Each structure stands twice: as C-alpha cells, then as structure tokens.
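Below is one structure, written out as structure tokens; the observations come after it.
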Amino acid sequence: MSISIKPAGVESNLPNQIIGKELFRQNDVSESVLCEERGFPLLLRSNSKSTSPAQWIAQNQQKIQQSLNQYGALLLRDFQLSDENDFREAANQFIPTIAKYMEGATPRTDLGKGTYTSTEFPNELSIAQHNELSYVTQWPMKIAFCCLVAPEQGGATPIADVRQVLAFIDKDVRDKFDALGWTLVRNFGNGLGPTWQKSFNTHDIEEVKAYCQRAEIDLEVISEYQIRTRQTRPAIRRHIHTNEQVWFNHAAFWHPSSLCPIIRKELVSQFGEDALTYNTLYGDGSVIEDEVITHINEAYDKATVSFPWNKGDLMLMDNMLVSHGRAHSRGRDVLLYQWVTL
C-alpha cells in the first residue's frame, strides 16, 4: 500500500469515538455500534479478558460474516490478545487462506505466515483512505489489524464505509467513473518508490511480463532498472456477497493533487506527469480534474470514523466495504496486518 502524505496537523474533522447503547450481551461478549452517527463499526467487547479471540472467531463464523455484511468492520476489544502469536491465531481463524503481497507499494516487514507490519513510514505522516490493493485483479476480501503497542498520542486507523462514500459523491462524477473506470500508471526505478523487483517479488523480468499479462497490465520495459505499468480498472464494483455498489479504487489516493503542492511542482518539473511514481487518470486516459479529487476526498471525510487504538484491539474488516487510512501519531506503536484474496 502506498501513501498520500499529509503533514501532521492536517486532519479532517472526523466523527470521534462515540460508543452507542449496548445491542445485546451473549457469552460474555457485548455488542454496540462504536459510532452511531455513521452506523459502524460494530464493537464487540469481552467482559472477561480471558476470552480467546481465536476461539471466539472460530465459534462465531456465521455471525461474523453476517455482521461484516452489515457493518463492514468489527472491533474486538478486551479479548486475550497480547502478542504476535495471539494475533496470528485469531487472524488465521478469520482468514484461513493467506494471500501473497503482489504489486506492493510501501515498506513493511514480512513477519511470516501472512503477517506484516503496517506501513513503515514516519509517525508524523498520515495515510489517506484506500481499499487495500483495489488496483489488482485479485484483491483482499478480508483484512485483520491488531494493536500490540498503543501510540502515546494519535495513530488511529480511520475507516470509511465505501457504500456511504459512493452515496456522497455527486451523480455526474459517479456516472463518469462508472462509464470510464480509472487508470493507474506506475513508474518503477526512478528512486522514489519501490523497485519492480520488490513490488513483484522477483528479480526475473520475464516473470513480471507473465504476471502482467495475466493481470491485464500493460508493461513497458524502459531499461534494466526502470519499467512503467498501466492498468485500467472499474471505479465502482458490486460486492460479491451483498451485491451492493461500492466505491473501490485508488483514483484519489494516487492522484498528483494528493501530493504536497511544492513537491508536486518539483516532481513534475523534473520528471513530467508521465514519469511520476504514481498517477491516476480516467479510464480513457484523460486527466482527472483536481476539483474532482477534492470532491472525492470530501466524500471520504464525510463517511469516515476515527477512534484511538487500545492495546490488544483486533479489527476485522471487509476490504470491499470499508477503506482504511492512518492518522499521524506520537510515540512508538506496533500494528500488525494480515489479509486474504478474493
């Protein structure tokens, strides 16, 4: 996952943590909606800190799927989760089939068995809303996050229901993206992003060519070290379980207007729009207007819920229904991450 950088202090006015009334209590786990204003996520709070999240997930698979379809994200709090092994056991119950991280865009540490650190960027930087790997042909359907060390300040993982995001976007903008889709252009080897070897998990350019052919990606080999990829995807998709339409793309996330204006001007002057590390266009190759991206980001803001992490929190997410980001933080924090493909 790549990031759209916002300096510390530039945060949206998002709904804070608002714990709603308890929905019901069963088997020592109570339920409530964390933010009633937005209607999600569902907070599942253990009334006994000895409750194993892995065991609870294993025993409540049907309920979890039904709740994901409705709320998009579940926050498990006050369960017995204290280390990486606890997280991996719980995540493996939620995500039995592990996905390989292909077309990656940001630095993270592979901890093995499908578990990764969250994006390893300086704490003072925030990350804009995005659905994980929306630009690949086999994206993750489920994502699990956990917090092993809570930040001293900030460091939330804001989430947005992309059904609501779609509803907040003006009809003319929705219709244009629905008709044209969106295009992602990536340039590897310019020193400003991951190498193609890192992103595609290989040092063999022939393997990259084969992967791109399978994944419907146009590949241009510029030199031994530099390649350019271009892929066009739908901007609006239907969820495979609920059949609801969702705003599912990185069009705003990687648009040049998401860069700091000074950095954008400098990069364009040095490399040109075609050579930016990331760029997004309408599906027909035409430029997406800056004001359209501003409007889309405003839609994300309206649909976003932000809450502070507690040590031991575990969040289970449907990646097609809910996007996520990162708020800037102060102090050391440890977030782990796992996902499964479609």
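It should be emphasised that the depicted structure is a prediction, and the values quoted were computed from it without experimental measurement. Scope of the values below: all heavy atoms of this structure, side chains included, with no hydrogens, waters or symmetry mates.
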*Thr277 backbone acceptor or donor facing Asn187 side chain under 3.5 Å*: no
*Taking Thr280 for the side chain and Ala251 for the main chain, is one N or O donor matched with an acceptor at less than 3.5 Å?*
yes
*Nearest non-hydrogen partners of Leu148 and Cys146, listed with the distance*: CD2-SG, 3.9 Å
*asked:* Is a donor from one side chain sitting under 3.5 angstrom from an acceptor on the other, for Trp309 and Thr157?
replied: yes
*Ala90 to Leu314 - nearest heavy-atom pair and separation*: CB-CD2, 3.9 Å
*Got more than 12 heavy atoms from elsewhere within 6.0 Å of CD, Glu291?*
yes
_Do Trp247 and Phe168 sit in one hydrophobic cluster, given that two such residues count as connected whenever their side-chain heavy atoms are within less than 4.5 Å of each other, even indirectly?_
no
*Examine distances only and state if a side-chain atom of Asp318 and a backbone atom of Met320 form a donor-acceptor pair shorter than 3.5 Å.*
yes
*Is there side-chain contact between Phe79 and Ser52, with at least one heavy-atom pair below 4.5 Å?*
no
*Is any side-chain heavy atom of Trp139 closer than 4.5 Å to a side-chain heavy atom of Ser134?*
no
*Does Thr294 have any side chain to side chain donor-acceptor pair (under 3.5 Å) partners at least two apart in sequence or in another chain, and if so, which?*
none
*If we ignore angles and hydrogens, is there a donor and acceptor under 3.5 Å between the side chains of Glu289 and Tyr282?*
yes
_Interatomic spacing from SG in Cys35 to CZ in Phe40 - rounded to 0.5 Å_ = 7.5 Å
*Can you tell if the side chain of Asn249 reaches within under 4.5 Å of the side chain of Phe177, non-hydrogen atoms only?*
no
*asked:* If hydrophobic clusters are built by linking Ile, Leu, Val, Met, Phe, Trp and Tyr wherever their side-chain heavy atoms come under 4.5 Å apart, do Ile95 and Phe87 end up in the same one?
replied: yes
*asked:* So, applying side-chain hydrogen bond (donor to acceptor under 3.5 Å, both in side chains) with Glu220, which one of Gln226, Arg230, Arg228 is it?
replied: Arg228
*By salt bridge (charged side-chain N to carboxylate O under 4.0 Å, His left out) - contacts of Asp290 (at least two apart)*: Arg264
*Indicate, with yes or no, if Val292 and Val185 share a hydrophobic cluster defined by side-chain heavy-atom contacts under 4.5 Å among Ile, Leu, Val, Met, Phe, Trp and Tyr.*
no
*Okay, side chain of Gln164, backbone of Arg38: is any donor-acceptor separation there less than 3.5 Å?*
yes
*Taking it one step at a time, do Asp204 and Thr202 satisfy side-chain hydrogen bond (donor to acceptor under 3.5 Å, both in side chains)?*
CA-CA 5 Å; Asp204 187 345; Thr202 181; 5.5 Å; no
_Residues which pass salt bridge (charged side-chain N to carboxylate O under 4.0 Å, His left out) with Glu216, listed by chain and number, not counting sequence neighbours_ = none
*Flag side-chain contact, heavy atom, 4.5 Å: Ser199 against Phe188*: yes
*Any idea how Tyr135 and His250 line up, ring-wise: parallel (<30°), tilted (30 to 60°), or perpendicular (>60°)?*
perpendicular
*asked:* Would you compute the distance between atom CD1 of Ile143 and atom CG of Asn319 and round it to the nearest 0.5 angstrom?
replied: 3.5 Å
*Between Gln80 and Thr51, is a side chain to side chain contact (heavy atoms under 4.5 Å, CB included) present by the stated rule, with each step listed?*
CA-CA 6 Å; Gln80 188 180 28; Thr51 302; 6.0 Å; no
*asked:* Let me confirm one number: the OG-CG distance from Ser258 to Asn297, rounded to the nearest 0.5 Å.
replied: 5.5 Å
_For a 4.5 angstrom cut-off between non-hydrogen side-chain atoms, does Pro41 reach Ile159?_
yes
_Donor-acceptor pair, distance only, cut-off 3.5 Å: does the side chain of Arg174 make one with the backbone of Ile169?_
yes
*Results of salt bridge (charged side-chain N to carboxylate O under 4.0 Å, His left out) for Asp86 - residues two or more places apart only*: none
*Side-chain touch Trp182/Thr232, heavy atoms, less than 4.5 angstrom*: no
*So if you build clusters from Ile, Leu, Val, Met, Phe, Trp, Tyr with side-chain heavy-atom gaps below 4.5 Å, do Ile236 and Phe248 land together?*
yes
*Taking atom CG of Asp78 and atom OG of Ser30, what is their separation to the nearest 0.5 Å?*
8.5 Å
*asked:* Using the rule given for side chain to side chain contact (heavy atoms under 4.5 Å, CB included), can you reason through Tyr211 versus Ile217, listing the C-alpha separation, both sets of side-chain angles and the distance that settles it, and then say yes or no?
replied: CA-CA 8 Å; Tyr211 174 86; Ile217 299 173; 4.1 Å; yes
*Pairs flagged by salt bridge (Lys or Arg N to Asp or Glu O under 4.0 Å) wherever residues 178-189 is involved - sequence neighbours left out*: none
*How long is the gap from CG on Leu42 to CE on Met315, to the nearest 0.5 Å?*
13.0 Å
*So, Gln129 side chain and His324 main chain: donor-acceptor pair closer than 3.5 Å or not?*
yes
*Distance-only, no hydrogens or angles: does the Thr195 side chain make a donor-acceptor pair with backbone N or O of Tyr225 under 3.5 Å?*
no
*Kindly determine whether Thr183 and Gln231 satisfy side chain to side chain contact (heavy atoms under 4.5 Å, CB included), including the steps that lead there.*
CA-CA 6 Å; Thr183 293; Gln231 55 220 85; over 6 Å; no
*asked:* Suppose we screen for salt bridge (charged side-chain N to carboxylate O under 4.0 Å, His left out). Which residues come up paired with Arg237, at least two apart in sequence or across chains?
replied: none
*Leu43 versus Glu31: any side-chain heavy-atom pair under 4.5 Å?*
no
*If two hydrophobic side chains count as joined below 4.5 Å and joins carry through other members, does Ile205 share a cluster with Ile222?*
no
_Between Lys302 and Glu37, does any NZ, NE, NH1 or NH2 come within less than 4.0 Å of an OD or OE carboxylate oxygen?_
no
*asked:* For Tyr278 and Trp254, take the angle between the two ring planes, folded into 0 to 90°, and tell me which bin it lands in: parallel under 30, tilted 30 to 60, perpendicular over 60.
replied: parallel
*Give a yes or no on whether the backbone of Ala128 and the side-chain of His130 come within a donor-acceptor separation of less than 3.5 Å.*
yes
*State which residue, out of Gln66, Gln59, Gln65, fulfils the side chain to side chain contact (heavy atoms under 4.5 Å, CB included) condition with Gln62.*
Gln66
_Shortest non-hydrogen separation from Ser67 to Leu74 and the atoms involved_ = CB-CD2, 3.6 Å
_Validation row: Cys147, Asn310 side chains within 4.5 angstrom (heavy atoms)_ = no
*Please answer whether the main-chain N or O of Glu89 pairs with a side-chain N or O of Asn92 as donor and acceptor at a distance below 3.5 Å.*
no
*asked:* Please determine whether a side-chain nitrogen of the Lys or Arg among Arg88 and Glu84 lies less than 4.0 Å from a carboxylate oxygen of the Asp or Glu.
replied: yes
*asked:* Can you see whether Asn279 engages His255 through a side-chain donor-acceptor pair at a distance of less than 3.5 angstrom?
replied: no
*Could you state the interatomic distance from OH (Tyr71) to CG (Leu44), rounded to the nearest 0.5 Å?*
9.5 Å
_If you count heavy atoms of other groups shown closer than 6.0 angstrom to CD of Glu244, is the number above 12?_
yes
_side chain to side chain contact (heavy atoms under 4.5 Å, CB included) between Met141 and Ile240, intermediate numbers included_ = CA-CA 9 Å; Met141 276 301 297; Ile240 64 170; 3.8 Å; yes
*Would a distance-only check, ignoring hydrogens and angles, find a side-chain to backbone donor-acceptor pair under 3.5 Å from Asp28 to Ser48?*
no
